[in-house]
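No experiment lies behind these values; they were computed from the predicted model shown. Reckoned from all heavy atoms, side chains included, excluding hydrogens, waters and symmetry mates.
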Amino acid sequence: MPRNFLNGVERVGNRLPHPFILFLLIAAVIAVASLIASLAGATVIDPKENTPVAIQSLISGEGLQFALTSMIDNFLSFPPLGLVIVMLLGVGLANQVGLLEVAFKAIVARASSRMLTFVVIFVGIVSNVASESAAIVIPPLAAMLFLAVGRHPVAGLAAGFGAVGAGFSANFLIAGTDVLLSGLTTSAAGIVDNEAVVTPVANWYFMAASTVILTLVGVFVTEKIVEPRLGPYERSEQVETGEFTISVEQRRGLRRASLAAILYIVAAGVLIVPPNGLLRGADGGIIESPFMDSLVPIIFLFFVTVGVVYGAATGVVRSSSDVPKLMIESARELAGILVLVFAVAQALAYFEWTNIGLWIAVQGADVLQHLELHGVVALVILSIVTLVLSLVISSGSALWSIMAPVFVPMMMLNDINPAYAQLAYRIADSSTNMLVPLSPILAVALGYIQRYDKKAGIGTVFALMIPYAIAFYAIWIVLFVVWVLLGVPIGPGQLLHEIS
């Protein structure tokens, strides 16, 4: 990738305002556009009713009333809000007591020298359940372990950051990303169909398979491309390893938390697995069932259970009052999300109320049909557009908040399940995570690399991460195309032309 291009991306990205301000500006653009379209008498055929509807001006008495009277409801009824808050409270508790960090350390530290790269990549990918915390824990631990077995520590850092960044969306588990993006997709789908729902498990099958495949790709990139390029490492100073040791109390906590996890899963299985299980649907199915409706609360209670057990075993939780205190600490991380969601919710509400979102979707769908871009071709184009935009906008949720109201309805009008549009987006956005100049993870990566290479700069980070980004995206998009062409569901009940 040419240096001038990367410099250009950095310059453009630096000029972008904070996502909150960006969405306020988008709301203002929608208002002006609605006024112009309304004055021009623009109309669009509503696919739900098959009747013409006019573009409504937000800059009018009626528009002002809507903006003011709906502001609170727009925020509180925003689909992802409650789900994300509940999810992050549970994961946040497990993170606050130290369970996730110690669990990742225990898994990676036990890897044999032959399996070290595989374990680092695998754990790095699935660690997105801990969100940004994974980038602080996994890469430096990998560097220490690589050095301990005589390998280049920067290769360990590259493997860790490549997995945590480029493989961010893949996982066997349902993470906060699944909850947040599915809520945004559901909200965007409502522009065309108020009944359409994209659940947090909509991409689960595909992402679970991706975890294994991307792990193998990551191992190949690390051992055949990155590490040979680095050459031998000249160890010039004593490396401290004490911070990566696991204490007796932590080991005891892990054992008890593991037992609690097993018991919890068994108890949940009793409610779900039997044909007459309490959380199965009226017809005995899983797709339409109380289990799917309560998936986020079930995950929340799982993390609370194992977190409390671990915290009690290690002394972090000494009384029942410590649990809400730890949740309050984890809730501080929600502040940024709440601020962003407020602006996003207003912009999306204006997009829908003015009928501009519907107009763009219908016009875009007509263009796709005229160009005969259907199914997988349209999805690949969406993915490529994401690939470019994600180099400028570092927040994945912010970017999807901008793209979803346009592309999701457009795909739906071409008979494409919105879950597939979401998946095409996630593949591209995740692959470029470590190539975004404004990404805070990039600065973290540079800081860690400079521990072993004082001359390293941003160019060093890009040179290390580009092989992962290219390889992950190439394999991922090919897997996606093959998956779609074979007609395999990407999640429970999710087929290309069946909109839930």
_If you compare all heavy atoms of I121 against all heavy atoms of L214, which two are closest, and at what distance to 0.1 Å?_
CG2-O, 4.1 Å
*Mind checking the OG-CZ spacing from S294 to F300? Nearest 0.5 Å is all I need.*
13.5 Å
_As an exercise, state the distance from CD1 of I59 to OG of S38, rounded to the nearest 0.5 Å._
10.0 Å
*Should F351 and V406 count as side-chain neighbours, where that means a heavy-atom distance under 4.5 Å?*
yes
_Minimum side-chain heavy-atom gap Q494-L423 below 4.5 Å_ = no
*T186 side chain to V198 main-chain N or O, any donor-acceptor pair under 3.5 Å?*
yes
*Taking atom CH2 of W483 as the centre, does the number of heavy atoms from other residues, nucleotides or ligands within less than 6.0 Å exceed 12?*
yes
_Nearest-0.5 Å distance that lies between atom CD1 in I475 and atom CD1 in I427_ = 12.0 Å
*Is a side-chain donor or acceptor of T211 paired with a backbone partner of N171 at a separation under 3.5 angstrom?*
yes
*May I have the step-by-step check of side chain to side chain contact (heavy atoms under 4.5 Å, CB included) for F303 and L89, ending in yes or no?*
CA-CA 9 Å; F303 281 106; L89 283 177; over 6 Å; no
*Are any of the side-chain heavy atoms of L479 and F206 separated by less than 4.5 Å?*
yes
*asked:* Would you say CZ of F66 has more than 12 non-hydrogen atoms from neighbouring residues, nucleotides or ligands within 6.0 angstrom?
replied: yes
*How many angstroms lie between CZ in F342 and CG in L24, if you round to the nearest 0.5 Å?*
8.0 Å
_Heavy-atom side-chain contact between L58 and W353 under 4.5 Å_ = yes
*asked:* Could you measure the distance from the CE atom of M410 to the CG atom of L382? Nearest 0.5 Å is fine.
replied: 9.0 Å
_Under a 3.5 Å distance rule, please check whether N74 uses its side chain to pair with a backbone N or O of S70 as donor and acceptor._
yes
*I191 to P405 - nearest heavy-atom pair and separation*: CD1-O, 3.7 Å
*Which residues pass the side-chain hydrogen bond (donor to acceptor under 3.5 Å, both in side chains) test with N203, sequence neighbours left out?*
Q422, R426
*When rounded to the nearest 0.5 angstrom, what distance separates CZ in F291 from CD1 in I298?*
5.5 Å
*Side-chain contact, heavy-atom cut-off 4.5 Å: Y350 with I26?*
no
*asked:* Donor-acceptor pair, distance only, cut-off 3.5 Å: does the side chain of S383 make one with the backbone of A424?
replied: yes
*asked:* Any non-hydrogen side-chain atom of M403 less than 4.5 Å from a side-chain atom of Y425?
replied: yes
*With the side chain counted from C-beta on, respond yes when P489 and L495 share a heavy-atom pair under 4.5 Å apart, and no when they do not.*
yes
*Minimum-distance pair of heavy atoms, taken over all atoms of I356 and S34*: CD1-N, 3.4 Å
*Would a distance-only check, ignoring hydrogens and angles, find a side-chain to backbone donor-acceptor pair under 3.5 Å from S430 to S169?*
yes
*Measure from the side-chain N and O atoms of D178 to the backbone N and O of V201, and report whether any donor-acceptor pair falls under 3.5 Å.*
no
*Kindly indicate, with the supporting measurements, whether the criterion side chain to side chain contact (heavy atoms under 4.5 Å, CB included) is fulfilled by F168 and D429.*
CA-CA 9 Å; F168 184 76; D429 180 66; over 6 Å; no
*Candidates L271, V270, I272 - the one meeting side chain to side chain contact (heavy atoms under 4.5 Å, CB included) with L278*: L271
_Please evaluate residues F407 and V385 with respect to the criterion side chain to side chain contact (heavy atoms under 4.5 Å, CB included), reporting the C-alpha separation (whole Å), side-chain torsions for both, the decisive distance (0.1 Å), and the verdict._
CA-CA 11 Å; F407 284 96; V385 171; 4.2 Å; yes
_Classify the ring geometry of F122 against F118: parallel below 30°, tilted from 30° to 60°, perpendicular beyond 60°._
parallel
*Show your reasoning for whether side chain to side chain contact (heavy atoms under 4.5 Å, CB included) applies to V221 and I470.*
CA-CA 10 Å; V221 170; I470 293 175; over 6 Å; no
*Taking every non-hydrogen atom, the tightest pair across A166 and M434*: N-CG, 4.4 Å
*Nearest heavy-atom neighbours spanning N194 and E352*: OD1-OE2, 4.0 Å
_Treating Q56 as the side-chain partner and G63 as the backbone partner, does any N or O pair qualify as donor plus acceptor under 3.5 Å?_
no
*May I ask you to test the Q346-I30 pair for a side-chain heavy-atom distance under 4.5 Å?*
no
*Decide yes or no on side chain to side chain donor-acceptor pair (under 3.5 Å) for T432 and S390, but give the supporting numbers first.*
CA-CA 7 Å; T432 58; S390 64; 2.6 Å; yes
_Over 12 foreign heavy atoms within 6.0 Å of CD1, I72_ = no
*Identify the two heavy atoms, one from A159 and one from V120, that lie closest to each other, and give their separation to 0.1 Å.*
CB-CG1, 4.0 Å
*Kindly determine whether T386 and W400 satisfy side chain to side chain donor-acceptor pair (under 3.5 Å), including the steps that lead there.*
CA-CA 9 Å; T386 302; W400 188 230; over 6 Å; no
*For the residue pair Y420 and F480, does the interplanar ring angle fall in the parallel (under 30°), tilted (30 to 60°) or perpendicular (over 60°) class?*
tilted
